[in-house]
Amino acid sequence: MSTAPQGLLFVLGEPGPDVSTDQFEDWFDNEHGLARIKLPGVHTTARYQALDGEPPSYLALYELDDLSVVTGAGWTSLYAKASDNEKQVISRAGTLHRRGYTLLTDTGPSPSTSTNVAPWIVIVEAEFKDTEEALKEIDEFYAQEHIPMHTKVPGFIRARRWKLDSWKELANGDKETAPRKFITMYEMSIDSKVYIASKEHQELIHTPWMKDSTERCVVSKKARQYKLGKQLVE
């Protein structure tokens, strides 16, 4: 595929008490995710594991041409073909919270990395004040300082900002409230804990602009670290 993905399907999952971890991973790796990586418009499919020990403990990421892939005939036809196992896992899982995001900005991958998905990622969810002034400052902060400083951190691969387009709870377990509208996905080739502890990263999170923009523009924010469990291939 020649163009960079413009859509991201982001699914937080938790097996819950009625689905074993082995069953959950096998379902995604060998059935659900595997069927979708074969579809036109799907660039990558990967399963990540959260490192903080908090639920939801799984994150599935599908990089797409755009979000119309999810409503296209290929994707929707899979619902009618769902196996009994798929129906059972989805109905019994504790959490399957699906979000669709549209790309805002992308540094592009580091020239020294392959086209594979990153082995470690940090996802920062944020809700900003919904004013033209606040959103303009946030865009300038990320573009002019924050992300350029990230590119200097050892192990950096890529940074992408995404905006929420839609969300839905697919499982019958706990229901999540509306998610924050923006995420930034930082991709790295080294352990995310080492990345965050580095001198370069500590410098970028303690700048005056970081402090000021947070106070003026941020309503809420949460960061989580993930390690790659499996990348699916055709």
Side-chain angles (χ1 to χ4, degrees), residues 1-13 24-49 56 58-83 85-87 89-90 93 95-111 113-125 147 157-171 176 178-189 226-234:
M1 297 180 184
S2 58
T3 59
Q6 300 298 304
L8 178 70
L9 193 65
F10 179 108
V11 185
L12 292 163
F24 192 81
E25 292 185 358
D26 180 73
W27 160 72
F28 180 80
D29 294 351
N30 299 305
E31 187 171 353
H32 188 81
L34 189 61
R36 284 152 179 80
I37 188 59
K38 299 175 182 178
L39 295 175
V42 180
H43 292 238
T44 64
T45 301
R47 169 175 56 80
Y48 284 87
Q49 184 84 31
Y58 289 95
L59 172 62
L61 296 178
Y62 305 81
E63 296 187 11
L64 313 169
D65 279 351
D66 55 55
L67 291 176
S68 68
V69 172
V70 181
T71 56
W75 193 287
T76 56
S77 70
L78 295 176
Y79 300 139
K81 301 173 185 176
S83 68
N85 179 62
E86 169 134 323
K87 293 174 183 177
V89 170
I90 291 175
T95 300
L96 282 173
H97 187 74
R98 188 177 81 174
R99 308 176 189 172
Y101 290 93
T102 297
L103 184 67
L104 293 177
T105 64
D106 182 4
T107 62
S110 169
T113 62
S114 72
T115 57
N116 291 331
V117 300
W120 282 273
I121 60 174
V122 175
I123 302 288
V124 181
E125 300 182 25
I147 288 179
I157 294 176
R158 190 178 200 170
R160 285 179 280 183
R161 296 182 62 213
W162 305 84
K163 184 177 181 180
L164 184 70
D165 179 84
S166 61
W167 64 279
K168 182 179 182 180
E169 177 60 48
L170 303 177
E176 183 175 270
R180 298 172 179 89
K181 291 180 184 176
F182 298 90
I183 63 169
T184 305
M185 182 164 67
Y186 300 99
E187 305 167 46
M188 55 215 63
S189 61
Y226 296 88
K227 182 179 180 180
L228 180 64
K230 186 171 184 178
Q231 178 178 4
L232 304 187
V233 295
E234 293 185 57

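None of the values given here were measured: they were computed from a predicted structure. Computed over heavy atoms, backbone and side chain alike; hydrogens, waters and symmetry mates excluded.
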Colleague: How about Leu59 and Ile121: do any of their side-chain heavy atoms sit closer than 4.5 Å?
Modeller: yes
Colleague: Roughly how far apart are Glu187 CD and Asn116 CG, rounded to 0.5 Å?
Modeller: 11.5 Å
Colleague: With Tyr48, which residues qualify under ring pair (Phe, Tyr, Trp, His ring centres under 6.0 Å), at least two apart?
Modeller: none
Colleague: Are the side chains of Gln231 and Thr44 in contact, using a 4.5 Å heavy-atom criterion?
Modeller: yes
Colleague: Sequence neighbours excluded, which residues qualify as salt bridge (Lys or Arg N to Asp or Glu O under 4.0 Å) partners of Asp66?
Modeller: none
Colleague: Which distance, rounded to the nearest 0.5 Å, do you find between the CD1 of Ile37 and the OG1 of Thr45?
Modeller: 3.5 Å
Colleague: Are any non-hydrogen side-chain atoms of Arg160 and Leu104 less than 4.5 angstrom apart?
Modeller: no
Colleague: Mind checking whether Val69 and Leu9 have side chains closer than 4.5 Å, heavy atoms only?
Modeller: no
Colleague: Ile123 versus Tyr226: any side-chain heavy-atom pair under 4.5 Å?
Modeller: yes
Colleague: Just wondering, do Phe182 and Leu164 contact through their side chains at under 4.5 Å, heavy atoms?
Modeller: no
Colleague: From Thr105 OG1 over to Arg161 CZ, what is the distance, rounded to the nearest 0.5 angstrom?
Modeller: 5.0 Å
Colleague: Please examine the side chains of Val117 and Leu61, heavy atoms only from C-beta on, and report whether any two atoms are closer than 4.5 Å.
Modeller: no
Colleague: CG of Leu67 to CG of Asp165: how many Å apart, nearest 0.5 Å?
Modeller: 5.0 Å
Colleague: Kindly assign one of parallel, tilted or perpendicular to the pair Trp167 and His97, based on the angle between their ring planes and the thresholds 30° and 60°.
Modeller: tilted
Colleague: What heavy-atom pair brings Leu228 and Ala46 nearest, and what distance separates the two atoms?
Modeller: CD1-CB, 3.9 Å
Colleague: Which one of Phe10, Tyr101, Trp75 satisfies the ring pair (Phe, Tyr, Trp, His ring centres under 6.0 Å) criterion with Tyr62?
Modeller: Trp75
Colleague: Can you name the ring pair (Phe, Tyr, Trp, His ring centres under 6.0 Å) partners of Phe28, sequence neighbours left out?
Modeller: none
Colleague: CZ of Arg47 to CG of Asp29: how many Å apart, nearest 0.5 Å?
Modeller: 4.0 Å
Colleague: Of all the heavy-atom pairs spanning Leu8 and Ile183, show the shortest one and how long it is.
Modeller: CD2-CD1, 4.1 Å
Colleague: Decide, yes or no, whether a salt bridge links Arg36 with Glu31 under the criterion of side-chain N to carboxylate O below 4.0 Å.
Modeller: no
Colleague: Check for a donor-acceptor pair, side chain of Thr95 on one end and backbone N or O of Pro56 on the other, with a separation under 3.5 Å.
Modeller: no
Colleague: Assess whether a salt bridge exists between Glu169 and Arg99, defined as any Lys/Arg side-chain N lying under 4.0 Å from an Asp/Glu carboxylate O.
Modeller: no
Colleague: Could you pull out all residues at least two apart from Lys38 that satisfy side chain to side chain contact (heavy atoms under 4.5 Å, CB included)?
Modeller: Leu34, Glu234
Colleague: Under the rule for side chain to side chain contact (heavy atoms under 4.5 Å, CB included), what residues qualify as partners of Gln49, not counting sequence neighbours?
Modeller: Glu25, Ser57, Tyr58
Colleague: How long is the straight-line distance from CG of Leu78 back to OG1 of Thr76, given to the nearest 0.5 Å?
Modeller: 8.0 Å
Colleague: Would you tell me whether Gln6 and Asp65 have side-chain atoms, one donor and one acceptor, within less than 3.5 Å of each other?
Modeller: no
Colleague: Which pair of heavy atoms, one from Pro119 and one from Ile157, lies closest together, and at what distance?
Modeller: CD-CD1, 4.3 Å
Colleague: Give the minimum heavy-atom separation between His43 and Ala4, together with the two atoms involved.
Modeller: CE1-C, 4.3 Å
Colleague: Side-chain contact, heavy-atom cut-off 4.5 Å: Val42 with Glu63?
Modeller: no
Colleague: For Trp27, what residues pass the ring pair (Phe, Tyr, Trp, His ring centres under 6.0 Å) criterion, not counting sequence neighbours?
Modeller: Phe24, His32
